[in-house]
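Worksheet for the structure shown next.
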Amino acid sequence: ATPAAVAPKAAPAAPKAVAAPAPVVSSATTATPTEADFKSVAQAAVSNLIMNASSTVKADTTKAVPSETMEGVDTSTDHVKALTGSNWVAVCSGGGGGGGGGDASVSSQASADKMNNRARRQNLTPDERARQNRDRNREHARNTRLRKKAYVEELKRTLTALVSQRDAAELEKRHASQRELEQREVRFRVTEEFLKLRGRNEANPARWAAILEDNFTLTLPVTDFRDMVHVGETKFAHEQVLTGVTEIMNDSNLCSAFLQGLGKGHNEITMVYNCDRKNFFMDNCTAMLEFTATTHGAVQQGAVAELTMKGNVRAKFSPASNKLISVVMTFDTGVIMSQVNYIMKAAEHDVDAAAAAAQVAASEADAILDSLQMPHIEPSSIPNKINVVPPSSGSITGSSVGEKEDFDEDKDGEDSNHEGATVRRVLRRKD
């Protein structure tokens, strides 16, 4: 009854009361930001944030982001899509989109509250309605600012976490690439050193043990053109497997002995392996390498040509020490046998040529002797027995006297010749 009695008394002042708050309502309505304005402001804020984050990352790329600052930050694809979609308000308020049933209950509750507010507004005076409109507009503006602030803060946290993850991933990728390059270089050097030791027949076991694991295995084709470590075991096999440093060194000795047989000198013949980094391919702990091997010193030792072969190596390394666990060498043994046969036939041809030259020289010597017309003595005129008669004392004395007279005559002749030469020199000087 009291509100009904108050309403007639306030009726004359109603036009003034309504007229006064009208501009306030209009100004509050125009001051409320729209969704387009909010999106433009948010986009500008995000752009500035991206620029600031990029400049900070460029200034210090190696600086790690503390793990505690990244805890609780959702960087999933669904969360980013929700932030950039139409449901960003629910994301900022912590709802995260919810399910269909939750949305229906919220909408029903909102509609019920709206109906109650509308019923209450019907019982208010114009001044109270104006005051309620001002309060509602003020609350709406404050909530809008809070939502915008929450939205920007969520964007900052999400973007900072994404940038940190990206930088950490790029840094780890660079470190992994650097480690792979260093590991690749080390393993290439180890493989190259193994071939060098085998080529020069290294006699120091420590050099082999430095690059080989304890149970190292070497797999080779069956080499019938030279001696092998396991002769009986490889009779019907197509490859030979050597285990340990001792068997590797024995096989290297046999290979060196085979190379020494290509020449005729006393200097050592070695095998030189040429390897190129471009032909070295590595996948995890397994590597492939192509090589070209050529003998050195065979021609100087009398061989007609150097022995050359091509092949490849498949090596398996230890991930901890980068030592060789196993090596499989593959090359064409038929090519080597054909080259060895050619070198041996050339050596035999040289021997035959030397023998033929000696025969020709002997024939020429016989022809020269026949051209001198030496006296020919018939075998029948040569007596079968020759009687030796010892000389008597008189004959010895006579022979001695005769020899003395001959010596005196030779001496007189030499003296006369010397005097004649002296006279000729004196006459030349006078002339």
Side-chain angles (χ1 to χ4, degrees), residues 178-235 237-260 268-297 307-333 336:
Q178 184 66 25
R179 288 194 300 268
E180 185 178 358
L181 288 176
E182 295 175 356
Q183 193 177 56
R184 172 187 173 88
E185 180 66 20
V186 170
R187 292 179 176 179
F188 172 77
R189 291 294 185 183
V190 170
T191 307
E192 187 180 35
E193 181 66 16
F194 171 76
L195 295 177
K196 287 182 179 180
L197 296 180
R198 180 176 174 81
R200 68 170 180 258
N201 188 23
E202 179 62 42
N204 186 7
R207 299 292 300 273
W208 292 94
I211 61 174
L212 304 181
E213 288 289 346
D214 296 336
N215 297 325
F216 173 78
T217 58
L218 173 62
T219 305
L220 294 170
V222 173
T223 53
D224 295 331
F225 52 86
R226 67 172 179 88
D227 295 334
M228 294 177 290
V229 177
H230 305 295
V231 179
E233 298 178 3
T234 59
K235 186 175 181 181
H238 64 280
E239 63 183 16
Q240 50 180 328
V241 180
L242 309 177
T243 305
V245 175
T246 303
E247 293 187 358
I248 302 301
M249 294 181 65
N250 293 338
D251 185 76
S252 180
N253 292 331
L254 296 176
C255 183
S256 178
F258 161 72
L259 295 178
Q260 307 312 315
E268 186 178 6
I269 301 176
T270 59
M271 182 73 75
V272 179
Y273 290 87
N274 298 321
C275 305
D276 191 356
R277 285 184 179 83
K278 297 179 181 179
N279 298 327
F280 183 75
F281 305 97
M282 187 180 69
D283 182 17
N284 199 2
C285 293
T286 305
M288 296 289 295
L289 175 63
E290 296 181 358
F291 66 85
T292 301
T294 306
T295 57
H296 178 72
L307 186 65
T308 304
M309 69 173 183
K310 289 185 177 182
N312 60 71
V313 172
R314 186 176 77 247
K316 186 177 181 181
F317 296 89
S318 171
S321 61
N322 287 327
K323 288 185 177 182
L324 287 170
I325 298 177
S326 64
V327 169
V328 179
M329 294 186 65
T330 306
F331 51 87
D332 191 352
T333 58
I336 299 177

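The figures here come from the full heavy-atom set of this structure, side chains too, leaving out hydrogens, waters and symmetry mates.
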Would you be so kind as to tabulate the donor-acceptor pairs closer than 3.5 Å made by side chains of residues 205-214, with sequence neighbours excluded?
residue: R207; atom: NH2; partner: E193; partner atom: OE2; Å: 3.0
residue: W208; atom: NE1; partner: E202; partner atom: O; Å: 3.1
residue: E213; atom: OE2; partner: S321; partner atom: OG; Å: 2.8

TODO: With the side chain counted from C-beta on, respond yes when T333 and V222 share a heavy-atom pair under 4.5 Å apart, and no when they do not.
DONE: no

TODO: Can you measure from CZ (F331) to CD1 (I336) and round to the nearest 0.5 angstrom?
DONE: 5.0 Å

Task: Reported OG1-to-NZ distance for the pair T330 and K310, which is rounded to 0.5 angstrom - done: 15.5 Å

Task: L195 and M329, any side-chain heavy atoms less than 4.5 Å apart - done: yes

- [ ] State, yes or no, whether a side-chain contact exists between E268 and L259 at a heavy-atom distance under 4.5 Å.
- [x] no

TODO: Kindly compute the distance separating CG (L218) from OG1 (T243), expressed to the nearest 0.5 Å.
DONE: 9.0 Å

Open item on the list: With rounding to the nearest 0.5 angstrom, report the CG to CD distance, N322 to Q183.
Closed with: 5.0 Å

Task: Test item: S252 side-chain N/O and I248 main-chain N/O as donor-acceptor pair under 3.5 Å - done: no

Open item on the list: To the closest 0.5 Å, what do you measure between CE (M249) and CG (L242)?
Closed with: 13.0 Å

Open item on the list: Please report the interatomic distance CZ(R226) to OG(S256), rounded to the nearest 0.5 Å.
Closed with: 10.5 Å

- [ ] Determine yes or no for a side-chain-to-main-chain donor-acceptor pair under 3.5 angstrom, with N250 supplying the side chain and T246 the backbone.
- [x] yes

Task: Within residues 315-325 or reaching into it, pairs that qualify as salt bridge (Lys or Arg N to Asp or Glu O under 4.0 Å) - sequence neighbours excluded - done: none

Task: Worked check of salt bridge (charged side-chain N to carboxylate O under 4.0 Å, His left out) between R189 and E192 - done: CA-CA 5 Å; R189 291 294 185 183; E192 187 180 35; 3.3 Å; yes

Atom pairs and distances, side-chain donor-acceptor, residues 272-291, under 3.5 Å, sequence neighbours left out:
residue: D276; atom: OD1; partner: K278; partner atom: N; Å: 3.3
residue: R277; atom: NE; partner: E185; partner atom: OE1; Å: 3.2
residue: R277; atom: NH2; partner: E185; partner atom: OE2; Å: 3.0

Task: Worked check of side-chain contact (heavy atoms from CB on, under 4.5 Å) between F216 and I325 - done: CA-CA 5 Å; F216 173 78; I325 298 177; 5.8 Å; no

TODO: For L324 and A315, work out which heavy atoms get closest and say how close.
DONE: CD2-CB, 3.7 Å

Task: Student check: side-chain heavy atoms of D251 and R198 closer than 4.5 Å - done: yes

TODO: Look at the side chain of Q240 and the backbone N and O of P221, then say whether any donor-acceptor pair between them is shorter than 3.5 Å.
DONE: yes

